[in-house]
Amino acid sequence: RQQMKKAAQNGDWAAFLDARKQLNDLMGAGDMLSLLDAIQFSAPKHVFQELLRTGSQFTPDMIMFLAINNNVDQVKMLIALGFDIHMADRYEKNALLYSIEFNASGVFHFLLAQGVSMAPSIRGFDALDTALSALLKPQNTSLIFADSLIELTTYLKPSHRYLLSQLQQQ
């Protein structure tokens, strides 16, 4: 596993695929970790194709790493390979919410244009709640997320109104 991660960090994708094959041969594991490393370290398309060809599958828990990278070209490539940008993870967050949390404005605007839900869960915070909450944190100066979402929102929920009142008090 360490060999695989080190190869990914160094961008040595041939060594990465070799280490993955060895790990799978020994333990029958590594598929999810391989894809996470490939996303995290921005692997080229042929690496993803090989991982998917040999049994790896995209999972909802991978969406956070797309936001962390803020790499729209990578997101587009992964969509073409079958990644579902509309799915939510076990925390009921989707890529749009993570793009706000990680201040990934490029991915944020791309996801909005693709129609990714602003409310992936009926129980939790939606994208506007997430953006307004981020503004309450010290040294957060990015209004771009909240501005964009307010323009698209037809109804302010009570949680939105509460967060806006908190912002007014600051």
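No hydrogens, no waters, no symmetry mates; every other heavy atom, side chains included, goes into these values. We're numbering straight along the sequence, starting at 1.
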Specify the closest pair of heavy atoms between Ala67 and Ala95, including all atoms of both residues, with the distance to one decimal.
-> CB-O, 4.3 Å
Does one side chain, of Gln40 or Asn69, offer a donor that lies under 3.5 Å from an acceptor on the other?
-> no
Write down the atom of Ala146, the atom of Leu132, and the distance for their closest heavy-atom approach.
-> CB-CD2, 4.1 Å
Given the rule that I, L, V, M, F, W and Y join up when any side-chain heavy atoms are under 4.5 Å apart, are Tyr98 and Phe125 in one cluster?
-> no
Minimal non-hydrogen separation, Ser117 against Pro120, with atom names = OG-N, 3.6 Å
Tyr155 backbone acceptor or donor facing Thr153 side chain under 3.5 Å | no
same_hphob_cluster(Leu164, Leu152) at 4.5 Å side-chain heavy-atom cutoff = yes
Asp89 side chain to Tyr91 backbone, donor-acceptor under 3.5 Å = yes
Between CD1 on residue Ile39 and CG on residue Leu78, distance to nearest 0.5 Å | 5.5 Å
Parallel, tilted or perpendicular, as decided by the 30° and 60° cut-offs, for the rings of Phe48 and Phe58 | tilted
May I ask you to check whether over 12 heavy atoms, not counting those of Lys157, lie within 6.0 Å of atom NZ?
-> yes
Could you pull out the closest heavy-atom pair between Leu96 and Ala127, with the gap in Å?
-> CD2-CB, 4.0 Å
Step-by-step side chain to side chain contact (heavy atoms under 4.5 Å, CB included) determination, Phe16 to Ser34 | CA-CA 8 Å; Phe16 172 83; Ser34 301; 4.2 Å; yes
Can you tell me if NZ on Lys21 sees more than 12 non-hydrogen neighbours from other groups inside 6.0 Å?
-> no
Ion pair check, Arg20 and Glu50, cut-off under 4.0 Å | no
Closest heavy-atom pair and its distance - Leu52, Ser56 = CD2-O, 3.4 Å
Is Pro158 close to Arg161 at the side-chain level, that is, under 4.5 Å between some pair of heavy atoms?
-> yes
Among Asp126, Leu112, Leu128, Thr130, the one residue meeting side-chain contact (heavy atoms from CB on, under 4.5 Å) with Met118 | Leu112
Roughly how far, to the nearest 0.5 Å, is the NE2 atom of His109 from the CZ atom of Phe145?
-> 7.0 Å
If Ile, Leu, Val, Met, Phe, Trp and Tyr residues are connected whenever their side-chain heavy atoms lie under 4.5 Å apart, and connections chain through other members, are Leu97 and Phe65 in the same group?
-> no
Step-by-step side chain to side chain contact (heavy atoms under 4.5 Å, CB included) determination, Glu101 to Lys93 | CA-CA 11 Å; Glu101 287 183 14; Lys93 293 182 180 182; 2.7 Å; yes
Counting heavy atoms not belonging to Gln57, are there more than 12 under 6.0 Å from its CD?
-> no
Within a reach of under 6.0 Å around CD of Gln2, are more than 12 heavy atoms found that belong to other residues, nucleotides or ligands?
-> no
Taking side chain as C-beta onward, heavy atoms only, is Ile85 less than 4.5 Å from Ile63?
-> no
Hey, what do you get for CG (Leu35) to CG (Asp61), rounding to the nearest 0.5 Å?
-> 12.5 Å
How many angstroms lie between CD1 in Ile144 and CG in Leu149, if you round to the nearest 0.5 Å?
-> 10.5 Å
Crowded around Gln3 CD? As in, over 12 foreign heavy atoms under 6.0 Å?
-> no
Looking only at atom types and distance, does a side-chain atom of Asn94 sit under 3.5 Å from a main-chain N or O of Met87, one as donor and one as acceptor?
-> no
Quick one: do Asn71 and Ser42 satisfy side chain to side chain contact (heavy atoms under 4.5 Å, CB included)? Show the steps, please.
-> CA-CA 8 Å; Asn71 183 339; Ser42 300; 3.9 Å; yes
Mind checking the CG-CG spacing from Leu111 to Leu66? Nearest 0.5 Å is all I need.
-> 8.0 Å
Just how far is it from atom CZ of Phe108 to atom CD1 of Ile100, taken to the nearest 0.5 Å?
-> 5.0 Å
Check: Asp37 side chain, Met4 main-chain N or O, donor-acceptor pair, under 3.5 Å | no
Nearest heavy-atom pair of Phe41 and Trp13: which atoms, and what distance?
-> O-CZ2, 3.4 Å
